[in-house]
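Have a look at the structure below, then the notes.
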Amino acid sequence: MLKGLLVDYAGVLTDPDAALLYEYLRDARANGTRTALVSNAPGAAPGVKTELAQYFDALVFSGEVGVAKPNREIYLVAAERIGLAAPRCVFVDDAERNVRGAVAAGMVGVQHRTIAETLDELAALFS
């Protein structure tokens, strides 16, 4: 059973319709799904981290953990930080190579194209 949702920032959470995905993340957390942001950014300012904390149980920035997508280790770090094994997690990213990296780490991968498609796929996976 899938219990973890890991999401990329740039290209996914910056989508013009991302408010719908943020709403999904908030609801998923309220219903027991563990969530993590996985970004190749060097880090984020404290204010940004505080803002993101309402949607994510863990924030994983490549600059802070020393490994970047698509290296499988960054996905494993994120899964560990939310207390789940990789096969219980779904990873969403707009970059195909990053989705392949998550799959190589044992996760289910979802390539983001539009918010509507991503939400449909997540609804099927987490039903």
Side-chain angles (χ1 to χ4, degrees):
M1 175 184 237
L2 297 169
K3 294 299 290 177
L5 177 56
L6 289 65
V7 181
D8 171 51
Y9 185 77
V12 178
L13 294 176
T14 59
D15 187 291
D17 296 322
L20 296 170
L21 185 53
Y22 279 110
E23 182 179 318
Y24 180 89
L25 286 161
R26 184 181 298 118
D27 292 345
R29 279 185 81 196
N31 291 312
T33 298
R34 305 287 295 165
T35 60
L37 176 75
V38 181
S39 172
N40 274 350
V48 172
K49 288 182 178 183
T50 299
E51 178 67 25
L52 291 171
Q54 65 183 303
Y55 305 101
F56 297 104
D57 298 297
L59 303 174
V60 179
F61 296 99
S62 63
E64 295 176 357
V65 298
V67 64
K69 299 178 292 182
N71 185 308
R72 66 188 298 275
E73 291 304 315
I74 195 166
Y75 310 103
L76 298 176
V77 166
E80 180 181 313
R81 288 193 180 174
I82 60 172
L84 295 171
R88 298 196 66 201
C89 298
V90 174
F91 175 71
V92 179
D93 198 307
D94 61 311
E96 182 181 348
R97 69 187 191 111
N98 293 340
V99 173
R100 283 195 314 263
V103 170
M107 297 181 178
V108 174
V110 172
Q111 185 171 359
H112 172 76
R113 291 181 180 82
T114 68
I115 293 292
E117 288 178 20
T118 297
L119 291 174
D120 285 347
E121 198 155 349
L122 292 175
L125 289 168
F126 285 97
S127 64

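The chain is numbered in sequence order, starting from 1. Just so we're clear, the structure is a prediction, and the values are computed from it rather than from any experiment.
- Applying the ring pair (Phe, Tyr, Trp, His ring centres under 6.0 Å) test to pairs two or more places apart or on separate chains, none has a residue in residues 97-127.
- Listed for the S62 side chain is a donor-acceptor partner under 3.5 Å among the backbone atoms of N40.
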Take Q54 and R26 through the side chain to side chain contact (heavy atoms under 4.5 Å, CB included) test and state the conclusion after the steps.
CA-CA 7 Å; Q54 65 183 303; R26 184 181 298 118; 3.7 Å; yes
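- Shown here for N98 and Y75, the closest heavy-atom pair between the two residues is O-OH, 2.7 Å.
- In this structure, the separation between CG on L52 and CG on L59 is 5.5 Å, given to the nearest 0.5 Å.
- For R29 and D57, the salt-bridge test passes: some basic side-chain N is under 4.0 Å from an acidic carboxylate O.
- Proximity of a side-chain donor or acceptor of T14 to a complementary backbone N or O of A10 within less than 3.5 Å is not detected.
- The structure places CG of L125 at 6.0 Å from CG of L2, a figure rounded to the nearest 0.5 Å.
- Shown here for V12 and I115, the closest heavy-atom pair between the two residues is O-CD1, 4.1 Å.
- Side-chain atoms of N31 come within 3.5 Å of backbone N or O of D27 as a donor-acceptor pair.
- Scanning all heavy atoms of the two residues, the minimum distance from K69 to R97 falls at O-NH2, 4.4 Å.
- The two residues L119 and L20 have their closest heavy-atom pair at CD1-CB, 3.9 Å.
- Here the straight-line distance linking atom CG of L122 with atom CG of L5 works out to 5.5 Å at 0.5 Å rounding.
- Classification of K49 and E64 as a salt-bridged pair holds, one side-chain N sitting under 4.0 Å from a carboxylate O.
- A single hydrophobic cluster is seen to contain both V7 and Y9, as judged by linkage of ILVMFWY side chains at heavy-atom distances under 4.5 Å, directly or through other members.
- With rounding to the nearest 0.5 Å, the separation of CZ in R100 from CZ in R72 is 15.5 Å.
- Rounded to the nearest 0.5 angstrom, T114 OG1 and D17 CG are separated by 8.0 Å.
- Under the ring pair (Phe, Tyr, Trp, His ring centres under 6.0 Å) criterion, the residue pairs touching residues 14-47 are Y22-Y55, with sequence neighbours excluded.
- Distance check, rounded to the nearest 0.5 Å: CZ of F56 to CD of E51 gives 11.0 Å.
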Take V60 and I74 through the side chain to side chain contact (heavy atoms under 4.5 Å, CB included) test and state the conclusion after the steps.
CA-CA 8 Å; V60 179; I74 195 166; 3.9 Å; yes
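- Criterion: ILVMFWY side-chain heavy atoms under 4.5 Å apart, direct or through other members. Under it, F61 and L13 are part of a common hydrophobic cluster.
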Given the rule in the side chain to side chain contact (heavy atoms under 4.5 Å, CB included) test, do D94 and D8 qualify, once you have shown the distances and angles that lead to the verdict?
CA-CA 8 Å; D94 61 311; D8 171 51; 3.2 Å; yes
Can I get a per-line list of side-chain donor-acceptor pairs under 3.5 Å for residues 77-92, giving both atom names and the distance, sequence neighbours left out?
from	atom 1	to	atom 2	distance (Å)
R88	NE	M1	O	3.0

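- L6 and V48 fall into different hydrophobic clusters, defined by Ile, Leu, Val, Met, Phe, Trp and Tyr side-chain heavy atoms under 4.5 Å apart, directly or through other members.
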